[in-house]
2 protein chains.
Amino acid sequence: MSTKTKILDAAEVLFADKGFNGTSLREITSQAEVNLAAVNYHFGSKKELIKAVMSRYMNELSPRLESALNALCLEEVKPTLIEVFSAFLEPLLHLNSFKDNGTSTFLQLLGRGYTDSQGFLRWFLTTQYPGVFTKFTQAVQKAYPELNKEEMFWRLHFTMGTIVFTMSSSDALIDIAQNDFDRQVDIAGVIKQVIPYVAAGVAAPIVR
Amino acid sequence: MSTKTKILDAAEVLFADKGFNGTSLREITSQAEVNLAAVNYHFGSKKELIKAVMSRYMNELSPRLESALNALCLEEVKPTLIEVFSAFLEPLLHLNSFKDNGTSTFLQLLGRGYTDSQGFLRWFLTTQYPGVFTKFTQAVQKAYPELNKEEMFWRLHFTMGTIVFTMSSSDALIDIAQNDFDRQVDIAGVIKQVIPYVAAGVAAPIVR
DNA sequence: GTCTATAACTAGATAGAC
DNA sequence: GTCTATCTAGTTATAGAC
C-alpha cells in the first residue's frame, strides 16, 4: 500500500472523529506509520490533504448519485419525495463496499466540513461537484412543484442539516439505540429512519 | 464593565463564529482588551470558560423554556406538535433582549458544542439542565402519543440536528436569502421557517 | 486584580542528508 | 521517496512583580 494511500486512510478516520482542526499531522502520520514530512511531500499542505480526502469519496459517490437523480428527473411519472431521498441510499451505501465504514465516515466528514473551517468545504463541494446539487433540486422540484425557489432553499438546507448532523453523531446514536432500546442498528438503519423524517419535513404545509 | 464580563462577551462571539477549538485565548483577551492571564485567573482554564459562556445563556433560557413546556404538559387539551415547538420561540427570542444577537449566538454555540470537543458539551447540558429535556419529551409524548420511546428518540435527535445545524449557519443563510431572493430575514424568521419543517418531520408516518 | 515574562508544549512546514 | 532535525509561530498555563 502506497504512502499516499496510507495517509489518506488514516486521515479520513481521524478527521471524521475529531474534526479537521482537531487532528494534527503528527497524529495522522503516526497512525499511518509514515514519516511526518510525507504529508507535505505528497499533498503540499494540510488543506490540500483535506481536499484529497473528500475528493476520493466524492469521485466515487457523485456519478452514481447524479445518475440516480437524473433517472428520476427523466421519468414520465412524478416521483414522491420519499423516492427522491431514497435515491441517495444506494450511492451512499455503495461507499461501504468501496471502504470499510465508508458511508459513515463520508457523512461524518461532510458534517465536519460544514462546521469546521468556516465554509471552505461547502465552497469546495459546490464548485467542484455542482452537478449533484442541481440534479437534486431538479428532482425535488419535480416531486413537489408547489414549493417555490425560496421555500425549497430553506427546506433543502434544513434537510442537509438533519442528515449531516445526524451522521456526524451516528456512532453515538447507534450506541444509545443499542444500550437504551436493545436495538441493533447500522448506518443503513439510521438512513432509513431519517428518510421519512426529511421527506415529511420538505412536504410540510407551506406557510406564507 | 468587569473583566470577567468583558471576557465572556468577547468569548461567546468568537466561539460562535470559529468554534471552541478554533478560538485561542489570545484572540479572546485581545478582543476583550484584557490581559492574557486574566482568563486563567478568573475562570481557571479554557474549558471552564466554555462552561461559563454556556451557563450564562442556559440560566437565562432554561427556566422560561421549562415553564413554557410545563404549561403545555399541564393543559387539559392535547397540544399540536407545532405548539410544542413554538414553545421554544419566546424563550429563545428573549435571549435577544438579554444580549445583542443573543438568540443567534446561543444557537450557534449549541451547534459548536455538539460537534467540537467530542460531546463534552452534550454531557454538560444533559447533566446540568436535565429538566429541559424531560419536559420536552413529555410535551412531545403528549402531542403525539402513538410514537414509542425509540421512535421519539430518533425523531427528536433529527430535530435537534436540524435546529442546531441551521442555526450554526444562520448568518450565511440570512445572507443568501438576502442576495438570492431579495428577502429580509432575521433569526426569528429562520426559526419560524424551521418550525413547520421539524413538526412535520416528527409527525411523519411511522415505518415499522 | 492586573500586569510582564516566560515556561512548557504543540502546531504546520521545510532544508538537506541519504 | 523517505528520513532526521529543525524552524517559526502558535498554543495554554503559570510564576512572581506590582
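Below, read A as the first sequence line, B as the second, and so on, with proteins coming before strands; counting in each chain starts at 1.
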Walking DNA chain C from its 5' end, the first of B:Val34 and B:Arg26 to be reached, judged by nearest nucleotide, is B:Val34
Spacing between B:Asn21 atom CG and C:dT10 atom P, to the nearest angstrom
15 Å
Provide, to the nearest angstrom, the distance between the NZ atom belonging to A:Lys46 and the P atom belonging to C:dT10.
15 Å
Distance, rounded to the nearest Å, where A:Phe20 contributes CZ and C:dG12 contributes C1':
17 Å
To the nearest angstrom, how far is A:Glu27 atom CD from C:dA11 atom P?
6 Å
Looking at B:Phe20, does the NZ or CZ of B:Lys47 lie under 6.0 angstrom from its six-membered ring centre and within 45 degrees of the ring axis?
no
Nearest atoms (heavy-atom pairs only) where B:Val164 meets B:Gly111
CG1-CA, 3.0 Å
If you count heavy atoms of other groups shown closer than 6.0 angstrom to CG of A:Asp182, is the number above 12?
no
Which is more 5' along DNA chain D, the nucleotide nearest B:Asn35 or the one nearest A:Asn35? Just name the residue.
A:Asn35
Answer with base, sugar-phosphate or nothing: what part of the nucleic acid does B:Ala37 contact at a heavy-atom distance below 4.0 Å?
base
Determine, for B:Glu60 against B:Lys99, whether the closest basic-nitrogen to carboxylate-oxygen distance falls under 4.0 angstrom.
no
How does DNA chain C read in dot-bracket, base by base from 5' to 3', with Watson-Crick or G-U pairs under 3.5 Å and | used when the partner is on another strand?
||||||||||.|||||||
For B:Thr23, answer base if it contacts any base atom (sugar-phosphate contacts may also be present), sugar-phosphate if it contacts only those atoms, and nothing otherwise; contact means non-hydrogen atoms under 4.0 Å.
sugar-phosphate
Inspect the contact between B:Asp180 and A:Lys149 and indicate whether a charged nitrogen and a carboxylate oxygen are less than 4.0 angstrom apart.
no
Please check if the number of heavy atoms outside B:Lys142 that lie under 6.0 Å from its NZ is greater than 12.
yes
Minimal heavy-atom distance between A:Ile187 and A:Ser170, with the atoms involved, is CD1-OG, 3.9 Å
Between B:Glu12 and the options B:Arg56, B:Arg112, B:Lys18, the salt bridge (charged side-chain N to carboxylate O under 4.0 Å, His left out) test singles out B:Arg56
Between A:Gln108 and A:Ser104, does any side-chain donor sit less than 3.5 Å from a side-chain acceptor?
yes
Exam field: side chain B:Glu27 to backbone B:Ser24, donor-acceptor pair closer than 3.5 Å:
yes
Can you tell whether the side chains of B:Glu90 and B:Arg64 come within less than 4.0 Å, N to carboxylate O?
yes
Nucleotide range of DNA chain D lying under 4.0 Å from chain B heavy atoms
D:dT11 to D:dT14
To the nearest angstrom, how far is A:Ile28 atom CD1 from C:dA11 atom C1'?
12 Å
Distance test, side-chain N/O of A:Asn40 to OP1/OP2 of C:dG12, below 4.0 Å:
no
How many whole angstroms separate atom CD of A:Glu48 from atom C1' of C:dG12?
14 Å
Got a sec? Which of residues 2-16 of chain A come in under 4.0 Å of DNA chain C, heavy atoms?
none
